[in-house]
Amino acid sequence: MLERTGLGAVADERADSLPTGLARLLEVARALVTKPRLLLLDEPAAGLNEEETAVLGALLRGLTDDGLGVMLVEHDMDLVMRICSTVTVLSTGQVLITGSPDEVRNDHAVVSAYLGSAKASA
C-alpha cells in the first residue's frame, strides 16, 4: 500500500512529522488497508498545493480505474472536474444537478448559484 500511495520513501517516518500532502496520502493509505469497496473522502484536497492535489487526484483516479468506488465531498472544482465521472452539485442542501463534468460545467443553475447571475447571463 505504501508504494501505491507514493509513501514508500517515508515508510520509516513518524506520521505526525509528515508534511500535509504526504499526511493526506497516508490517510488514504490507512483507509485502503481495510480493503473498502467504497472510499468516502471529505475535502481530501483541503490545504494541498497544486502539485500535491495532482498527486492525490492521480491516486484517486487510479483507484477508480481499478474498480474502487470513490465518493468525495470537495470544493476544489478543478480536481472534481478532472477526476470524477459523475458530479452532484448542492446548493443550500438541494441537488442542483447530477451529471458528467461537462454537463455540470454548462448547467445554468450551477453557473448562477456559484458564479453569480451576471456571469450566468453573459
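Here, residue 1 is the first one in the sequence, and each next residue gets the next number. Source: prediction; values computed, not measured.
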Quick one: are Pro44 and Leu56 in side-chain contact, heavy atoms under 4.5 Å?
-> yes
Within 6.0 Å of CD in Glu43, more than 12 heavy atoms from elsewhere = yes
Students should find that the hydrophobic cluster of Leu40, defined by side-chain heavy atoms under 4.5 Å apart, otherwise consists of Leu38, Met71
Separation between OH (Tyr114) and CG (Asp107), nearest 0.5 Å, reads 11.5 Å
Assess whether side chain to side chain contact (heavy atoms under 4.5 Å, CB included) is satisfied between Val73 and Leu41, documenting all intermediate values.
-> CA-CA 6 Å; Val73 175; Leu41 301 172; over 6 Å; no
Could you tell me which residues satisfy side-chain contact (heavy atoms from CB on, under 4.5 Å) with Leu2, sequence neighbours excluded, listed by chain and number?
-> Leu7, Ala11
Evaluate side chain to side chain contact (heavy atoms under 4.5 Å, CB included) for Leu32 paired with Leu39, printing each intermediate quantity in order.
-> CA-CA 8 Å; Leu32 292 174; Leu39 184 62; 4.2 Å; yes
Judged by atom type as modelled, is there a donor-acceptor pair below 3.5 Å linking the side chain of Thr5 to the main-chain atoms of Met1?
-> yes
Supply the atom-to-atom distance Met81 CE to Ser100 OG, rounded to the nearest 0.5 angstrom.
-> 8.5 Å
CG (Asn106) and CG (Asp102) are apart, to the nearest 0.5 Å, by 6.5 Å
Please test Glu52 against Leu22 for side chain to side chain contact (heavy atoms under 4.5 Å, CB included), starting from the C-alpha separation and ending with a verdict.
-> CA-CA 8 Å; Glu52 293 164 335; Leu22 293 177; over 6 Å; no
Would you find a donor on one side and an acceptor on the other, under 3.5 Å apart, between the side chain of Glu74 and the backbone of Ala45?
-> yes
Quick one: closest heavy-atom pair of Ala15 and Leu26, and the distance?
-> CB-CD2, 3.5 Å
Kindly indicate whether the side chain of Val104, heavy atoms from C-beta on, has any atom under 4.5 Å from the side chain of Thr98.
-> no
Verify side chain to side chain contact (heavy atoms under 4.5 Å, CB included) between Thr88 and Ile97, making sure each step is shown before the conclusion.
-> CA-CA 6 Å; Thr88 298; Ile97 184 174; over 6 Å; no
For the atom pair CG (Leu79) and CZ (Arg61), what is the distance rounded to the nearest 0.5 Å?
-> 11.0 Å
Heavy-atom pair with the smallest gap, counting every atom of Ser85 and Pro101 | O-CD, 3.6 Å
One should read off an interatomic distance between Asn49 CG and Thr20 OG1, to the nearest 0.5 angstrom, of 9.0 Å
d(Leu72 CG, Cys84 SG) to nearest 0.5 Å is 4.5 Å
Considering all heavy atoms of both residues, which atom of Leu18 and which atom of Ala23 are nearest to each other, and what is their separation?
-> CB-N, 4.1 Å
Cationic N near anionic O, under 4.0 Å, Arg82 to Asp76 = no
same_hphob_cluster(Leu90, Val70) at 4.5 Å side-chain heavy-atom cutoff | no
Does Ser112 use its side chain to pair, donor to acceptor, with the backbone of His108 at less than 3.5 Å?
-> no
Within 6.0 Å of CG in Asp12, more than 12 heavy atoms from elsewhere | no
Are any of the side-chain nitrogens in Glu27 or Arg24 under 4.0 Å away from the carboxylate oxygens of its partner?
-> yes
